[in-house]
Amino acid sequence: MRTLIKHVLASTEPKEALAIKGWVRTRRDSKGFSFLELNDGSCLANLQIVVDATTPGFENPATLTTGASAAVEGNLVASPASGQKWELRATHIELVGAVDPTYPLQKKGHTPEFLRTIAHLRPRSNLFGTIFRLRSRLAYAVHQFFQDRDFVYVHTPIITASDCEGAGEMFRVTALKGNIDEKPQTDFFGKRTYLTVSGQLEGETFACALSNIYTFGPTFRAENSNTTRHAAEFWMIEPEMAFCDLQGDMDLGEEFIKAMARYAQEHCTEDLSLFAKFVDKDLPERLKFVIERPFVRVPYTDAVKILCGSGRKFEFPVKYGLNLQSEHERFLTEEHFKSPVTVFNYPREIKPFYMRLNDDHKTVAAMDMLVPGIGEVVGGAQREERLDQLLENMRSHKLNPEDYSWYLDLRRFGTVPHAGFGLGFERLLMFLTGVSNIRDVIPFARTPGNADF
RNA sequence: UCCAGAGUAGCUCAAUGGUAGAGCAGCCGGCUGUUAACCGGCGGGUUGCAGGUUCGAGCCCUGCCUCUGGAGCCA
């Protein structure tokens, strides 16, 4: 039976007759024998295999080169040389799949930009193998975090007719040919439909029944965004809590990010060491800081005062009523506070209709969590639970209440204060790994003009 | 979409307007324990595309394409 390399390397004693399968990372030949390093993706480290020239199956060593797949049987022994604790003395080796000389991955390091062009092969590199192992572990940690707190996982629809205002441009979904706007009532669903930009509105309906819920699924934005932190398809986590206000919302967001950092630190130690070494030297220190220190919380009004009083020249103006620009958010989180920062209570004019109006009648109970290096990683709010106020908000945002009748019903039938947020899973991964481009933390990135693979 | 930079061998990069090169990878050979092994040899190019200037363009000019970074939008 096959043993994964991660288990082989964790062995505490020599073992006989192990079966290993994987891909050759590199080979070093000596007279009469070769060193083969095999990787099967179960961990970052390779297993060194010593193959004698007379080992059965090794009659044609030229075929067992970088990239080839192989099955090896042998005995695990303590390695006499430094560099690895264990090595496998092969008793039999078999070429499973040969590799063409055009195999693009080399033993030496490649740039992430080049590896992006071969997205089908890049998980075989150290960096991307590590990234995607960590992505998997963290997806699990997300569920564990919410399930441990009695949150119910809700699968909100991917195809939707409702627009979660303010979330961005939507991709149209249609089965029509020709002019798709001529008779939308004849379309597959009998109306215009889109790929979801957020499961929030549907999530609210479940929170107003099951109390605490979360979604975790693909989300689509048709924005022509070309940046290191935007993708047209990404995974979003959206908790929603009934009987919860903005304070509780901010508490959960902060607790969540800390928990994810802690999980990575405890469960992905080997993988994190690679990021610290080759991607972001400050990563261990940053994770420690995030875990240990409370996040700074500052009302929008105070944030504006800090920015105005900073003496800094900003490219874009800072004034009450204007959105904070990237440079302002960067200043707050990277320079002024040098810590993750939650900005809350934004002017009502710059936020969507569903956010709850504060008693000052000027601001809404919104919050954005900003982290150094990435900017906004969480955006959330307490929702407007008062029917009259919600209707007024919709009027001032020029929305038709008829389009949101089911959403308004939540306020008619046993309304409750509730709050939630959206968190970009890829941005979280960027923060936890130091990887600076969102295209490198998602297996096959969808960005404007690019849907290869 | 806007601004800036870049595009030369499979990869990373050189090359005053004057014969396109190196390292690595690949292939062949050597080496008794290697660690991104080492040593010797060999092959490898429509210089992103299309025009233009010039006796002569990888280099200068124009347009386009792609990539990278920044901005806007946001998660």
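Chain A is the first sequence line, chain B the second, and so forth, proteins listed ahead of strands; every chain is numbered from 1. These figures come from a predicted structure and were not determined experimentally.
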Students often get this wrong, so: under 4.0 angstrom with heavy atoms, is [X] touching a base, only sugar-phosphate, or nothing?
X	result
A:S225	base
A:F234	base
A:H230	base
A:R89	base
A:E87	base
A:R116	sugar-phosphate
A:T26	sugar-phosphate
A:E113	sugar-phosphate
A:T111	sugar-phosphate

Check your understanding: Pairs counted as Watson-Crick or G-U wobble with both distances under 3.5 Å: what dot-bracket string results for RNA chain B, using | for bases tied to another strand?
Key -> (((((((..((((....[..)))).(((((.......))))).....(((((..]....))))))))))))....

Exercise for review: Taking atom P in both B:A57 and B:U19, compute the distance separating them and give it to the nearest angstrom.
Suggested key: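 It comes out at 12 Å once rounded to the nearest Å.
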
In plain terms, say whether [X] and [Y] are close enough for a salt bridge, that is, a side-chain N and a carboxylate O under 4.0 Å apart.
X	Y	result
A:K6	A:D40	no
A:R28	A:E37	yes
A:R383	A:E385	no
A:E426	A:R135	yes

Which nucleotide sits closest to the side chain of [X]: [options]?
X	options	answer
A:R427	B:A71, B:A75, B:C11	B:A75
A:F114	B:A71, B:G69, B:U12	B:U12
A:E37	B:C67, B:C11, B:U35	B:U35

Is a side-chain donor-acceptor pair under 3.5 Å present for [Y] with [X]?
X	Y	answer
A:S162	A:T160	yes
A:Q84	A:S79	yes
A:Y214	A:Q147	yes

Review point. Does A:R116 make a cation-pi contact with A:F114 (under 6.0 Å, within 45 degrees of the axis)?
Key: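 Not satisfied by the 6.0 Å and 45° rule.
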
Review point. In the 5'-to-3' direction, what one-character label does each nucleotide of nucleotides 26-32 of chain B receive under the scheme B = base within less than 4.0 Å of a protein heavy atom, S = sugar-phosphate only, - = no such atom?
Key: S----BS

Point to revise | Atom pair distance, as rounded to whole Å: CG in A:N226 and P in B:C2 | key: 11 Å

